[in-house]
Amino acid sequence: MFRRERSIPFQGSAAALCNNLSVLQLPARNLTLFGVVHGPSAEVLSAAPDGVPLAKRQLHVKEGAGVSPPLITQVHWCVLPFRVLLVLTSHRGIQMYESDGSIMVYWHALDSGDASSVQAVFARGIAASGHFICVGRVLVFDIPAKGPNILLSEELGGHQTPVTDIATEPTQGQDGVADMVTADDSGSLCVWRSGPEFTLLTHIPGFGVPCSSVQLWQGIVAAGYGNGQVRLYEATTGTLNIQINAHARAICALDLAPEVGKLLSAAEDTFVHIWKLSRSSESGCIEVEHCHGECVSDIQVCGARFCDPSGSSFAVTGYDLTEILRFGSV
């Protein structure tokens, strides 16, 4: 069971974007960082465990030509083995900051001349895999242990429509294991093995419904779709194992608590559900159990994340809402 806890106010309000919440826990400092997009700006704020806001910072898109400021599409923390970077994507480019947003260390322009315009004028989907950060369509950046000498390593094919989300999972040095999945507007999924050169392992065809959010856990791909379904696939084969009619409207966010295999799904029907993923000890098949459902009344949910790796708390953002809602287990 979960109960509502103290909300965290912020200056702007959340834009109506899928996956519009990023959370970074800092146990050593007893802090949690939250990132939310509001049109042409993104707000980064830190909060104590009781929800008291401590510091706020607004980030804006790098200045450039244009009549109106470009819109930000996503903000997300990327935890690398040796550093943490805050990545911001917009209609103009990709910006990477130190984890607190204080210093921009890298800027990559999205040039409409280097790809088809439908893919080049914006980026969605941000994830870290090893010492790489993967963004958008899918650009792979090689990140040094320190400093700004970030290099564009390669651009991955595989998607015919714009990428919507990217998810990764640490593989603890296992060779040949699927450790990244990408999703697009057609509902197609691509499963990858990272490395000096990324390898496409499996392509899972779409079915005419956009996949807005995707997660990866112990060889299980969890995908949330515009028809309210959550589908669970085998990462290695692309086999569909479980289909859940989880929500009445489009799913806007999925998240995973990796320590316990809890899956969070949030949708425009105002509900947030928590599921428990596992594998049968006998057959090895994927199993799922519904653990909790929370109605966030009169709010168009647009982002939701667990606040810790054990899934004991989660946070929710809603369109035009000027606070981050927090829920904790009881």
Problem set entry | In one Ile/Leu/Val/Met/Phe/Trp/Tyr side-chain cluster, 4.5 Å: Val79, Leu216 | no
Seminar exercise, completed: Closest heavy-atom pair, Arg124 versus Asp185, reported as atoms and distance to 0.1 Å, is NH2-OD2, 3.1 Å
Exercise. Are Trp107 and Leu59 grouped together when hydrophobic residues (ILVMFWY) are joined by side-chain heavy atoms under 4.5 angstrom apart?
Worked result: yes
For this session: Hey, can you tell me if Phe314 and His292 have their rings parallel, tilted or perpendicular (30° and 60° cut-offs)?
Result: tilted
Exercise. When rounded to the nearest 0.5 angstrom, what distance separates NE2 in His247 from OG in Ser265?
Worked result: 3.0 Å
For this session: Using atom types as modelled and distance alone, determine if a side-chain donor or acceptor of Ser22 lies under 3.5 Å from a backbone N or O of Trp77.
Result: yes
Problem set entry | Tyr319, OH: over 12 other non-hydrogen atoms inside 6.0 angstrom | no
Exercise. Under the side-chain contact (heavy atoms from CB on, under 4.5 Å) criterion, do Cys78 and Ile126 qualify, and how do the steps go?
Worked result: CA-CA 8 Å; Cys78 289; Ile126 307 167; 3.5 Å; yes
Exercise. Do Phe198 and Val138 have side-chain heavy atoms sitting under 4.5 Å apart?
Worked result: no
Exercise. Counting N and O atoms only, with roles assigned by atom type, does the side chain of Thr73 sit under 3.5 Å from a partner on the main chain of Thr89, one being a donor and the other an acceptor?
Worked result: yes
Exercise. For the side chain of Arg279 and the backbone of Gly284, is there at least one donor-acceptor N/O pair under 3.5 Å apart?
Worked result: yes
Exercise. Can Leu86 and Leu33 be said to form a side-chain contact (heavy atoms from CB on, under 4.5 Å), step by step?
Worked result: CA-CA 11 Å; Leu86 178 63; Leu33 304 184; over 6 Å; no
Problem set entry | Proximity of Phe10 and Phe34 rings by center, below 6.0 Å | no
Problem set entry | Donor-acceptor pair, side chain of Ser212 and main chain of Ile251, under 3.5 angstrom | yes
For this session: Using a 4.5 Å cut-off on heavy atoms from C-beta on, say whether the side chain of Leu325 contacts that of Glu323.
Result: yes
Problem set entry | Shortest non-hydrogen separation from Ile150 to Pro144 and the atoms involved | CG1-CD, 3.8 Å
Problem set entry | Check: His60 main-chain N/O paired with Gln95 side-chain donor or acceptor under 3.5 Å | yes
For this session: Spell out, yes or no, whether Leu189 and Trp217 are grouped together once hydrophobic residues are joined by side-chain heavy atoms under 4.5 Å, including indirect joins.
Result: no
Exercise. If you look at every heavy atom in Pro309 and Gln25, which pair is closest and at what distance?
Worked result: CD-OE1, 3.3 Å
For this session: Verify, without hydrogens or angle tests, whether Thr270 (side chain) and Cys295 (backbone) share a donor-acceptor contact under 3.5 angstrom.
Result: no
Exercise. If we only count heavy atoms from C-beta on, is the Val105 to Tyr97 side-chain gap below 4.5 Å?
Worked result: no
For this session: Grab the two heavy atoms, one from Gln74 and one from Asp165, that are nearest each other, plus how far apart they are.
Result: NE2-OD1, 4.5 Å
Exercise. Out of curiosity, does Ile274 fall in the hydrophobic cluster containing Val316 (side-chain heavy atoms, cut-off under 4.5 Å, transitive links)?
Worked result: yes
Problem set entry | Between CH2 on residue Trp275 and NE2 on residue His290, distance to nearest 0.5 Å | 4.5 Å
For this session: Might you confirm whether atom CG of Asp50 has over 12 heavy atoms from other residues, nucleotides or ligands at distances under 6.0 Å?
Result: yes
For this session: Could I get the full list of side-chain hydrogen bond (donor to acceptor under 3.5 Å, both in side chains) partners for Ser153, not counting sequence neighbours?
Result: none
Problem set entry | Residue pair Thr182, Val214: steps toward the side-chain contact (heavy atoms from CB on, under 4.5 Å) verdict | CA-CA 7 Å; Thr182 55; Val214 69; over 6 Å; no
Exercise. Hey, are the side chains of Gln218 and Glu169 touching, using non-hydrogen atoms and a 4.5 Å cut-off?
Worked result: yes
For this session: Determine, stepwise, if the pair Ile220 / Leu263 fulfils side-chain contact (heavy atoms from CB on, under 4.5 Å).
Result: CA-CA 11 Å; Ile220 302 171; Leu263 175 71; over 6 Å; no
Exercise. Counting N and O atoms only, with roles assigned by atom type, does the side chain of Ser329 sit under 3.5 Å from a partner on the main chain of Ser312, one being a donor and the other an acceptor?
Worked result: yes
Exercise. Does any non-hydrogen side-chain atom of Ile72 lie less than 4.5 Å from one of Val61?
Worked result: yes
Problem set entry | Leu200-Val191 co-clustered via ILVMFWY side chain contacts under 4.5 Å | no
For this session: Taking the side chain as every heavy atom from C-beta outward, state whether Cys211 and Asp184 have any atom pair closer than 4.5 Å.
Result: no
Exercise. Are Ser129 and Ser194 close enough that a side-chain donor and a side-chain acceptor fall under 3.5 Å?
Worked result: yes
Exercise. How many angstroms lie between atom NE2 of His108 and atom CE of Met96, to the nearest 0.5 angstrom?
Worked result: 9.0 Å
Exercise. How far apart are the closest heavy atoms of Asp308 and Ala257, and which atoms are they?
Worked result: O-CB, 4.3 Å
Exercise. So, Arg326 side chain and Glu5 main chain: donor-acceptor pair closer than 3.5 Å or not?
Worked result: no
Problem set entry | For Gly158 against His203, the heavy-atom pair lying closest together | O-CD2, 4.1 Å
Exercise. Would you say Ser13 and Leu321 make side-chain contact, with heavy atoms under 4.5 Å?
Worked result: no
Problem set entry | Heavy-atom side-chain proximity of His159 to Cys190 below 4.5 angstrom | yes
Exercise. Is the count of non-hydrogen atoms from other residues, nucleotides or ligands lying under 6.0 Å from Arg83 atom CZ greater than 12?
Worked result: yes
Problem set entry | Sidechain-backbone polar pair: Arg231 side chain, Leu240 backbone, donor-acceptor under 3.5 Å | no
Exercise. Taking Gln11 for the side chain and Glu43 for the main chain, is one N or O donor matched with an acceptor at less than 3.5 Å?
Worked result: no
For this session: First locate atom CG of Leu277, then atom CG of Leu256, and finally report the distance between them rounded to the nearest 0.5 Å.
Result: 6.0 Å
For this session: Return the orientation label for the Tyr225 and Phe207 ring planes: parallel under 30°, perpendicular over 60°, tilted otherwise.
Result: tilted
Problem set entry | From Asn241 atom CG to Glu287 atom CD, the distance as rounded to the nearest 0.5 Å | 10.5 Å
Exercise. When rounded to the nearest 0.5 angstrom, what is the spacing between OG in Ser46 and CD1 in Ile8?
Worked result: 9.0 Å
Exercise. Between Asn20 and Thr317, is any side-chain donor less than 3.5 angstrom from a side-chain acceptor?
Worked result: no
